[in-house]
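These notes are about the structure you will find just below.
Any value given below was found using the heavy atoms of this structure, including those in side chains, with hydrogens, waters and symmetry copies removed. Convention: sequence-line order gives letters A, B, ...; per-chain numbering from 1. Quick caveat: nothing in here was measured; it's all calculated off a predicted structure.
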Number of protein chains: 2
Amino acid sequence: MNMQLDPIDRRILRLLQRDASVSHDDLGAQVGLSRNACWRRVRALEQAGFIKKRVVLIDPDQVGLGLTVFLMIRTDRHGPDWLDQFAKATRDIPEILGAYRMTGDLDYLVRVRVADVAAYDTLYQKLIRRVEMADCSASFVMEELKETTELPL
Amino acid sequence: MNMQLDPIDRRILRLLQRDASVSHDDLGAQVGLSRNACWRRVRALEQAGFIKKRVVLIDPDQVGLGLTVFLMIRTDRHGPDWLDQFAKATRDIPEILGAYRMTGDLDYLVRVRVADVAAYDTLYQKLIRRVEMADCSASFVMEELKETTELPL
DNA sequence: TATGAAAAGTTTGTAGA
DNA sequence: TCTACAAACTTTTCATA
């Protein structure tokens with residue numbers, strides 16, 4: 001299914017990525033559509049893959065995951081098997097929330113959520129046991145100014 | 001309200017942060033609880049602030065936001081008013097999805113989602129017009145190995 | 001092709017055994 | 001706790017533009 005996003009779809013997405021707990025009645029009212037005209041559009045957006053999933057966002061501090069760490073990684077192995085191994089490791093380790101191959105002089109950036117510095121060290125040991133890295137330096141987040149899943153639409 | 005997370009709560013959170021579209025019936029079945037008992041726990045988790053919000057996750061590529069950029073920022077103004085101004089700017093600019101004050105020699109790290117390099121440049125201009133920065137270097141994401149909102153529970 | 005109204009089917013939240 | 005009920009919400013059907 002191919003689809004072009006019209007202004008109403010955009011508004012629906014904008015509202016749903018802010019709060020997906022609204023009813024189709026309310027959502028419809030907010031975009032000026034009937035209950036099921038709105039429902040149809042949401043379903044279409046789901047089927048077309050615009051909406052990937054519905055999730056609950058958990059407060060990391062409340063569950064004891066107070067520390068975000070960014071790892072800047074450089075490798076000297078640029079073959080596909082190193083990347084495979086690294087990609088698999090990042091997928092397997094649940095503390096790793098993000099992993100990105102980058103331009104510039106750092107090769108990879110990894111975003112991690114852990115309880116504290118001790119937990120970070122455990123994770124670091126786990127990671128270097130699984131993948132060889134020429135250089136890996138950690139930067140700790142002191143303050144989270146912003147952190148959102150809302151895309152600019 | 002204060003609460004200690006028991007193993008069933010943990011499992012509920014783990015399931016809901018993967019897929020919040022399940023009914024309380026299904027969720028209850030998966031954690032071995034009646035519909036009602038499960039519903040109560042979910043409500044308690046919401047009220048205690050473990051569950052911050054319910055949202056829809058949108059595929060960035062499908063809405064034409066194919067490029068993630070990380071900005072590494074250094075400032076020479078370490079007063080509270082610079083930080084205020086910077087924090088406000090990051091909140092106001094919807095393309096900025098994350099902004100972090102860091103340890104180490106880079107002061108701030110900013111995560112950005114835009115359509116392409118041209119859109120990035122527009123955003124960059126917007127940002128430097130609002131806050132003074134001693135140094136700001138961009139790193140573009142070539143490949144997203146992992147990107148999740150699921151916390152390790 | 002997209003809509004709205006209404007009816008049917010589910011789920012949710014509450015109250016009583 | 002559990003069961004049962006009422007309210008709310010979701011989804012289908014159908015008629016219309």
Using a cut-off of under 3.5 Å, enumerate the N/O to N/O pairs linking the protein to nucleotides 11-13 of chain C.
{"residue": "C:dT12", "atom": "OP2", "partner": "B:His24", "partner atom": "N", "Å": "3.0"}
{"residue": "C:dG13", "atom": "OP2", "partner": "B:Trp39", "partner atom": "NE1", "Å": "2.0"}
{"residue": "C:dG13", "atom": "O5'", "partner": "B:Trp39", "partner atom": "NE1", "Å": "3.3"}

### Task
Quick one: label A:Ser34 by what it contacts on the DNA or RNA (base, sugar-phosphate, nothing), any heavy atom closer than 4.0 Å.
base

### Message
So, taking the atom named CG in B:Leu27 and the one named CG in B:Leu16, what distance separates them when rounded to the nearest 0.5 Å?
### Response
5.0 Å

### Task
Rounded to the nearest 0.5 Å, what's the gap from CG on A:Leu109 to OG on B:Ser139? Could you check?
8.0 Å

### Task
For A:Arg14, check salt bridge (charged side-chain N to carboxylate O under 4.0 Å, His left out) against everything at least two apart and list the hits.
none

### Message
Within the 3.5 Å criterion, strictly below it, is a donor on A:Asp25 or A:Ser23 matched to an acceptor on the partner's side chain?
### Response
no

### Task
List the atom of A:Arg130, the atom of A:Asp92, and the distance in Å for their closest heavy-atom pair.
NH2-OD2, 3.1 Å

## Note on the structure
Separation of C:dT1 atom P from A:Ile8 atom CD1, nearest Å, is 18 Å

### Message
Can you list everything that forms a side-chain contact (heavy atoms from CB on, under 4.5 Å) with A:Ser137? Sequence neighbours excluded, please.
### Response
A:Met72

### Task
Walking along DNA chain D from 5' to 3', note the first and the last nucleotide with an atom under 4.0 Å from a heavy atom of chain B, and give both.
D:dC2 to D:dA4

For a quick test of your reading: what N or O donor-acceptor pairs under 3.5 Å do the side chains of residues 115-124 of chain B make, sequence neighbours left out?
{"residue": "B:Asp116", "atom": "OD1", "partner": "B:Ala118", "partner atom": "N", "Å": "3.2"}
{"residue": "B:Asp116", "atom": "OD1", "partner": "B:Ala119", "partner atom": "N", "Å": "2.8"}
{"residue": "B:Thr122", "atom": "OG1", "partner": "B:Ala118", "partner atom": "O", "Å": "3.1"}

### Test ring-ring contact (aromatic ring centres under 6.0 Å, His included) applied to A:Phe86 - qualifying residues, sequence neighbours left out
A:Trp82, A:Tyr108

